[in-house]
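For reference, the structure is listed below as structure tokens.
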There are 2 protein chains.
Amino acid sequence: MTARTSSENAREIPEATVARLPVYLRALVTLADDGIPTCSSEELATAAGVNSAKLRKDLSYLGSYGTRGVGYDVDYLRYQIAREIGVTKDWPVVIVGIGNLGHALANYSGFRSRGFQVVALLDADPAQHGEIVAGVEVQPFDRLEEIVAAADVAIGVIATPAAAAQSVADRMVGCGITSILNFAPSVLAVPDGVDVRKVDLSLELQILAYHEQRKSQTGALLADGGAA
Amino acid sequence: MTARTSSENAREIPEATVARLPVYLRALVTLADDGIPTCSSEELATAAGVNSAKLRKDLSYLGSYGTRGVGYDVDYLRYQIAREIGVTKDWPVVIVGIGNLGHALANYSGFRSRGFQVVALLDADPAQHGEIVAGVEVQPFDRLEEIVAAADVAIGVIATPAAAAQSVADRMVGCGITSILNFAPSVLAVPDGVDVRKVDLSLELQILAYHEQRKSQTGALLADGGAA
DNA sequence: TCATGTGAATCTTTTCACAGCT
DNA sequence: AGCTGTGAAAAGATTCACATGA
């Protein structure tokens, strides 16, 4: 669920494809780490958990980076996807709300290694201020504007309780942040041009519960759809 | 598979709809908490962050729970959706991997209040054993089978490093778990009939980065939205 | 010979627009 | 008079299957 941005671009990559590019990138990094120089669409698709037709169609939106009869050069394709996503350099990120989840996010090494740098941790609660988490000091939320301006931050992460999320989002938007990753279980209202992605833990579990309930009922057939 | 061939099964709910039911449920809970007894599709859609046509179409797969000319009874619709999802009673859940993220998950109150009960916290690292997190003791991973059998656990959460995720999933599947929520950044191979959902924090940020990069390029398509 | 890249077909999801019920 | 519920149309995503070019 991202904001629509229309525009007639020849390079218009479908949203479903965009959502898979990071998966491909991670699979390529793993292959590269294993010393594999080249792969077929079949191999990469397996590593990424999709089928090869979908993979090839997805990659075709980026360009022709493979070699017919051979496959893909792992490093080359990896670079092309990283460039397309925009993670060839690090993005500065602020995290607001340093509770349990905020701590976990701040400590999550995957951010650093995948194109993001946590430049500030902010919390409204004075009791938290001064604590050092993953090498970064927790500061008052009121310093948001100052920090965003100084580090040219475009991406904000909200890990506050639901009640605070909208006002945090408003402040973020007000100081120029245009992408928000929201872990609070609330729907955010933001202006056009601001992207919001939501991660909701209990929502994911509820989707599993739905399918789980189906499985235990009837017993006629397991059905399912493969997931992932 | 499936073959929408005739036969009963009038109850086939599209996956896209299933993924939104928990969102509607949460919106309804909020409305109920605010003391609102009735709402229109327009109001509920706004609260859920979707448009009203989509909401009505989604609800139509469950049945006819509204009243034409009036709207929906909040409590009644809430119960119907909860029943459809299968969260009218609690599901027992085990969490494996009690690092930063595992701690945050164990402490996350949203699980308890939304249909899930954390019955065990498991970790392979003996240094963690015995610690009490959110009132639950961290136990050795080897007790998995015993605990799953005793509490009839169907849903497992993996919050381990990527390297351990597949072997944890194998053990879970081996003892009868058929739904897995995976926070480790790795693709899990599981048999048919087992559902896996993945939450990948840096993947979400990378999707935002893609759109962010687009915004800063060209500059032509910045705000737009209503304009064009 | 072989695997990519891609039109065409199929399936899914969203949106439209209004008939039908309160 | 108004809002739901739903066919039908449109848009989007996936899969098929093979021409294409290394």
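Order of the sequence lines fixes the chain letters, A, B, ..., with proteins taken first and strands second; residue numbering starts at 1 for each chain.
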Exercise for review: Applying side-chain contact (heavy atoms from CB on, under 4.5 Å), run through M172(B) and I158(B) and close with a yes or a no.
Suggested key: CA-CA 10 Å; M172(B) 284 181 168; I158(B) 300 179; 3.8 Å; yes
Review point. Any donor and acceptor pair, going by atom type alone, linking the side chain of D34(A) with main-chain N or O of I36(A) inside 3.5 Å?
Key: no
Review point. So, Q206(A) side chain and R114(B) main chain: donor-acceptor pair closer than 3.5 Å or not?
Key: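 Flag set: sc Q206(A) to bb R114(B) pair under 3.5 Å.
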Whole-Å distance between [N] [atom2] and [X] [atom1]?
X      : N       : atom1 : atom2 : result
Q80(B) : dG5(D)  : CD    : P     : 12 Å
Y61(A) : dG7(C)  : OH    : C1'   : 11 Å
Y65(B) : dT6(D)  : OH    : C1'   : 17 Å
D58(B) : dT12(C) : CG    : P     : 16 Å
E12(A) : dG12(D) : CD    : P     : 10 Å
R20(A) : dG12(D) : CZ    : P     : 15 Å
K54(B) : dG12(D) : NZ    : C1'   : 12 Å
L59(A) : dT14(D) : CG    : P     : 13 Å

Revision key, fill the gap. d(R20(B) CZ, D58(B) CG) to nearest 0.5 Å is 4.0 Å
Exercise for review: Working to the nearest 0.5 Å, report the span between CG of L208(B) and CD1 of I85(A).
Suggested key: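 Between atom CG of L208(B) and atom CD1 of I85(A) there are 12.0 Å.
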Check your understanding: Would you call R214(A) and E84(B) a salt bridge, using N to O less than 4.0 angstrom?
Key -> yes
Does OP1 or OP2 of [N] have a side-chain N or O of [X] closer than 4.0 Å?
X      : N       : answer
N51(A) : dT15(D) : yes
S41(B) : dT4(D)  : yes
Y72(B) : dT22(C) : no

Review point. Once each nucleotide of nucleotides 16-22 of chain D is scored for protein heavy atoms under 4.0 Å, what B/S/- sequence comes out, 5' to 3'?
Key: -B-BBBS
Check your understanding: How about T160(A) and V96(A): do any of their side-chain heavy atoms sit closer than 4.5 Å?
Key -> yes
Point to revise | Given dA13(D), dG5(D), dG5(C), the nucleotide with the shortest approach to the side chain of E15(A) | key: dA13(D)
